[in-house]
Amino acid sequence: MSEALKEAGKAFEIDEVPVGAVIVHKGRIIGRAHNQIKLLKDPTAHAEIIAITQAAAYFSNERLPDTTIYVTIEPCAMCAGALVLARVKRLVFGAADPKAGAFGSVLDINKKRLNHKIAVTKGVSQEECSALIKEFFKKKRK
């Protein structure tokens with residue numbers, strides 16, 4: 001999660017919503033990213049999506065078998081769908097997202113009749129992940 005937090009910090013520095021994601025396979029990072037929505041002028045440029053693209057390139061395959069993704073914030077519905085389609089084995093996230101989270105907050109994609117379920121661990125480094133988001137939006141409101 002510390003690597004995902006570093007990525008979130010990069011997003012914070014460029015005035016993007018500070019979300020970071022890292023995909024790991026057999027102890028090795030194969031994808032890492034932070035939100036780049038404003039930078040790329042692309043609403044799909046979430047940290048998870050960019051990291052999935054990198055990991056898929058690593059495997060030269062659209063499937064990411066036996067991988068774990070670490071994300072600072074609970075993934076949204078778009079990212080949750082992409083994680084299912086990529087067949088990511090495990091999700092570890094820091095802070096819940098009560099406005100858009102798709103692994104229990106607003107909806108739970110694992111409760112839908114889909115052909116893949118993702119093992120989920122919530123609340124890892126929650127305080128640190130949550131503090132970064134709060135600081136970002138506090139700064140925006142000033």
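- Scanning all heavy atoms of the two residues, the minimum distance from A80 to P75 falls at N-CB, 4.3 Å.
- The side-chain hydrogen bond (donor to acceptor under 3.5 Å, both in side chains) analysis of residues 88-102, with sequence neighbours excluded, yields the pairs R90-T121.
- A salt bridge (Lys or Arg N to Asp or Glu O under 4.0 Å) check over residues 32-59, counting only residues at least two apart or in different chains, returns the pairs E3-R32, E7-R32, D15-K38.
- A continuous path of Ile, Leu, Val, Met, Phe, Trp and Tyr side chains, each step under 4.5 Å between heavy atoms, connects V120 with V71, placing both in one hydrophobic cluster.
- The side-chain contact (heavy atoms from CB on, under 4.5 Å) check on L132 picks up A8, F12, P18, with sequence neighbours excluded.
- The hydrophobic cluster of I37 has no other members, since no ILVMFWY side-chain heavy atom comes under 4.5 Å of it.
- Contact detail for R63 and P65: the closest heavy-atom pair is O-CD, 3.1 Å.
- Atom-to-atom distance recorded for Q36:CD and H34:NE2 is 4.0 Å, nearest 0.5 angstrom.
- Listed by first and then second residue, the salt bridge (Lys or Arg N to Asp or Glu O under 4.0 Å) pairs that reach into residues 113-133 come to none, sequence neighbours excluded.
- Residues E16 and N35 approach most closely at CG-O, 3.4 Å, considering heavy atoms.
- The minimum heavy-atom distance between A55 and I23, with the atom names listed, is CB-CD1, 3.9 Å.
- Taking CD of E135 as the start and NZ of K140 as the end, the distance is 12.5 Å to the nearest 0.5 Å.
- For R87 (side chain) and L85 (main-chain N/O), a donor-acceptor pair under 3.5 Å exists by modelled atom type.
- For residues 98-118, no residue pair satisfies the ring-ring contact (aromatic ring centres under 6.0 Å, His included) rule, not counting sequence neighbours.
- A search for ring pair (Phe, Tyr, Trp, His ring centres under 6.0 Å) contacts involving Y58 returns nothing, not counting sequence neighbours.
- M1 and V17 fall into different hydrophobic clusters, defined by Ile, Leu, Val, Met, Phe, Trp and Tyr side-chain heavy atoms under 4.5 Å apart, directly or through other members.
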Which is it for H25 and F59 under the side-chain contact (heavy atoms from CB on, under 4.5 Å) test, yes or no, and what are the steps along the way? CA-CA 10 Å; H25 179 256; F59 281 123; 3.5 Å; yes

Assess whether side-chain contact (heavy atoms from CB on, under 4.5 Å) is satisfied between I73 and I133, documenting all intermediate values. CA-CA 9 Å; I73 304 298; I133 286 283; 3.3 Å; yes

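- E74 contributes a side-chain N or O that, together with a main-chain N or O of G104, makes up a donor-acceptor pair within less than 3.5 Å.
- Under the 3.5 Å distance criterion, the side-chain polar atoms of S105 are left unmatched by any main-chain donor or acceptor of A96.
- Here L40 contributes atom CG and I50 contributes atom CD1; the two are 6.0 Å apart, rounded to the nearest 0.5 Å.
- Among residues two or more places apart in sequence or in another chain, the side-chain contact (heavy atoms from CB on, under 4.5 Å) test is passed with K134 by S130.
- A heavy-atom distance below 4.5 Å is found between the side chains of N110 and I118.
- Cluster annotation: V19 and F136 are assigned to the same hydrophobic cluster (Ile/Leu/Val/Met/Phe/Trp/Tyr, side-chain heavy-atom contacts under 4.5 Å, transitive).
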Is there a side-chain contact (heavy atoms from CB on, under 4.5 Å) between L91 and T68 once you walk through the steps? CA-CA 6 Å; L91 161 67; T68 298; over 6 Å; no

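- For the atom pair I30 CD1 and L64 CG, the distance stands at 6.0 Å (nearest 0.5 Å).
- Going from atom OG of S125 over to atom CG of L5 covers 6.0 Å, rounded to the nearest 0.5 Å.
- Grouping Ile, Leu, Val, Met, Phe, Trp and Tyr by side-chain contacts under 4.5 Å, direct or through others, puts M78 with I49.
- Hydrophobic clustering of Ile, Leu, Val, Met, Phe, Trp and Tyr side chains at less than 4.5 Å, counting indirect connections, keeps V124 apart from F93.
- In this structure V24 satisfies the side-chain contact (heavy atoms from CB on, under 4.5 Å) test together with V22, I29, Y70, sequence neighbours excluded.
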